[in-house]
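Numbered from 1 within each chain, the chains take letters A, B, ... in sequence-line order.
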2 protein chains.
Amino acid sequence: MSRLFPESVRRLLEELQKLPTIGPKSAQRLMLHLLAAPMEDARALSESIVALREKVIPCPVCGNLSEDGPCAICKDAIRDLTQICVVEEPIDLIAIERAHDFRGVYHVLGGRISPLDGILPEDLSVDKLIERILDPDSGVTEVILATNTDVEGDATAGYLADVLHERFPKLTVTRIATGLPIGGELDYADQVTLIKALQGRRKI
Amino acid sequence: MSRLFPESVRRLLEELQKLPTIGPKSAQRLMLHLLAAPMEDARALSESIVALREKVIPCPVCGNLSEDGPCAICKDAIRDLTQICVVEEPIDLIAIERAHDFRGVYHVLGGRISPLDGILPEDLSVDKLIERILDPDSGVTEVILATNTDVEGDATAGYLADVLHERFPKLTVTRIATGLPIGGELDYADQVTLIKALQGRRKI
């Protein structure tokens with residue numbers, strides 16, 4: 001197939017296919033769109049990719065995406081500094097913000113403990129989290145552990161809970177709930193989710 | 001949501017969402033990937049978008065994607081010049097090439113007749129197709145009309161058939177077959193496809 005295309009088309013197709021969820025057919029569709037789109041759109045896309053890499057830095061406070069100094073959430077005077085929600089990656093922060101419910105601040109770990117991938121606790125921004133809790137200005141009262149609910153995410157939450165309980169005996173440390181998703185049918189739920197949903201049952 | 005992101009992130013998300021099939025969530029996933037990818041990959045993608053626009057031209061013979069002079073198919077000495085397959089856009093040519101069956105050459109019309117969108121026969125490369133058939137060097141014996149099988153594609157094929165029959169009474173003009181797709185179930189087929197499949201029945 002590929003010898004069908006001129007060199008510049010082939011190169012773009014290759015680069016597009018390095019992106020997640022973009023296979024050969026999607027890459028072709030995107031390429032044909034870029035070929036037909038207004039020149040300024042193609043140029044704007046091209047420039048904004050490089051600008052992203054040149055400008056974006058992790059927020060020095062929480063690790064979220066930022067451009068210079070603290071991120072939009074850390075700068076937001078309305079956010080409740082006493083609640084810190086700990087997530088693995090910026091994408092998780094975005095997911096929680098989409099729900100428009102949480103009004104506290106975040107702490108992005110930059111991953112999760114995964115010895116098989118060579119990621120140990122010291123590779124995550126745990127020290128910085130402890131520093132933030134120690135800071136008397138923020139007066140943190142609760143840390144919500146919102147790492148993913150898979151094996152590594154649970155292990156990371158467990159590790160953090162141990163560390164935090166030991167250092168800050170008065171701090172409330174919580175873990176996001178697991179159970180059936182809203183609108184979920186028991187028949188379709190996997191076994192582990194069902195067990196967790198039963199174990200986590202509450203009086204109503 | 002968007003005020004969450006720094007300016008450069010917001011700009012990239014906007015540009016990504018102009019692409020077909022990329023919604024807000026896909027754009028975020030692509031952005032995070034580009035942020036984490038090796039810098040040379042991000043730069044290569046950025047550069048290849050501009051290179052595409054600067055280098056790709058329509059093949060002067062058939063209208064397929066090319067960089068300078070005739071495209072890879074028109075330059076291929078093995079292709080059978082006596083059969084021309086007429087398609088609407090380069091994407092259709094790519095689809096036919098993927099099937100690895102057709103060994104003739106192509107003619108890309110650059111669209112289909114659609115008076116409602118202001119596209120008339122003179123906006124398509126019909127004159128160039130006639131020129132190619134007139135060229136004694138190619139000795140064209142058959143023109144396969146492979147425009148899409150929707151209303152405008154059928155109308156375009158009908159128009160071309162009329163023009164070609166009138167100018168070249170000896171030329172074989174064919175239309176790609178319509179009917180049930182292979183592996184198709186009658187129960188799932190739409191009414192029009194079923195009618196066409198019945199009308200197009202053949203002795204076996």
Side-chain angles (χ1 to χ4, degrees), chain A residues 1 3-16 18-22 24-26 28-37 39 41-57 59 64-68 71-73 76 89-91 93-95 97-98 100, chain B residues 1 3-16 18-22 24-26 28-37 39 41-57 59 64-68 71-73 76 89-91 93-95 97-98 100:
Chain A
M1 268 315 285
R3 39 158 213 89
L4 261 182
F5 299 115
E7 169 65 20
S8 56
V9 171
R10 226 154 39 208
R11 234 191 95 205
L12 177 61
L13 291 177
E14 256 170 46
E15 295 303 329
L16 287 171
K18 291 182 188 167
L19 300 176
T21 74
I22 309 282
K25 283 189 85 170
S26 306
Q28 284 171 17
R29 209 170 304 123
L30 292 176
M31 178 273 291
L32 290 164
H33 172 90
L34 286 168
L35 209 50
M39 184 60 191
D41 280 7
R43 210 175 280 281
L45 174 61
S46 165
E47 284 166 5
S48 60
I49 292 169
V50 172
L52 176 86
R53 291 303 296 262
E54 283 171 352
K55 292 188 181 159
V56 174
I57 53 157
C59 166
N64 183 21
L65 307 180
S66 186
E67 260 181 19
D68 50 334
C71 72
I73 294 175
D76 187 344
E89 301 283 0
I91 199 168
L93 182 160
I94 294 167
E97 283 296 299
R98 258 200 301 264
H100 294 292
Chain B
M1 268 316 283
R3 40 157 214 91
L4 262 182
F5 299 115
E7 169 65 20
S8 56
V9 171
R10 233 163 23 218
R11 235 192 95 205
L12 177 61
L13 290 177
E14 255 170 46
E15 294 303 328
L16 286 171
K18 290 182 188 167
L19 300 175
T21 74
I22 310 282
K25 283 189 82 168
S26 305
Q28 284 171 16
R29 210 170 303 123
L30 292 176
M31 178 273 292
L32 290 164
H33 173 89
L34 286 169
L35 209 50
M39 184 61 193
D41 280 7
R43 208 175 281 282
L45 174 60
S46 165
E47 283 167 5
S48 60
I49 291 168
V50 171
L52 176 88
R53 291 303 296 263
E54 283 171 352
K55 292 187 181 161
V56 173
I57 52 157
C59 167
N64 184 20
L65 307 180
S66 187
E67 260 181 22
D68 50 335
C71 72
I73 294 174
D76 187 345
E89 301 284 359
I91 200 169
L93 180 160
I94 293 167
E97 282 297 298
R98 257 200 302 262
H100 294 292

Between [options], who has the most heavy-atom pairs with chain B when the cutoff is under 4.5 Å?
options	result
A/V56, A/L30, A/L93, A/L35	A/L35
A/P20, A/S26, A/A42	A/P20
A/R29, A/H33, A/E14, A/E7	A/H33
A/E15, A/K25, A/R53, A/K55	A/R53

Checklist line | Side-chain heavy atoms of A/L32 within contact of B/E89, under 4.5 Å | finding: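 Side chain of A/L32 against side chain of B/E89, heavy atoms only: no contact under 4.5 Å found.
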Check: Hey, does B/R98 have a side-chain heavy atom less than 4.5 Å from the side chain of A/Q28?
Finding: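 SC-SC contact between A/Q28 and B/R98 confirmed.
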Margin query: Given heavy-atom pairs under 4.5 angstrom as the criterion, report whether the side chain, backbone, both or neither of B/T21 touches chain A.
Written below: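 Side chain only.
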Checklist line | chain A contact via B/I73 - side chain, backbone, both or neither, heavy atoms under 4.5 Å | finding: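 Contact with chain A involves the side chain of B/I73 alone.
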Next item on the list: Using modelled atom types only, decide if a donor and an acceptor are shared between the side chain of B/R11 and the backbone of A/E47 within a distance under 3.5 Å.
Entry: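 Side chain of B/R11 to backbone of A/E47, a donor-acceptor pair under 3.5 Å: no, none is there.
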Next item on the list: For the pair A/M31 and B/L65, evaluate side-chain contact (heavy atoms from CB on, under 4.5 Å) and give the outcome as yes or no after the intermediate values.
Entry: CA-CA 11 Å; A/M31 178 273 291; B/L65 307 180; 3.9 Å; yes
Notebook entry, point to check: Got a second to check how far A/I49's CD1 is from B/L45's CG, nearest 0.5 Å?
Noted result: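 The CD1 atom of A/I49 sits 4.0 Å away from the CG atom of B/L45.
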Margin query: Taking every non-hydrogen pair under 4.5 Å, which of B/S46, B/A51, B/A72 racks up the most with chain A?
Written below: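 Winner by heavy-atom pair count: B/S46.
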Checklist line | Option in B/L16, B/I22, B/D41, B/V50 with maximal non-hydrogen atom pairs under 4.5 Å from chain A | finding: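 Most heavy-atom pairs within the cutoff with chain A belong to B/D41.
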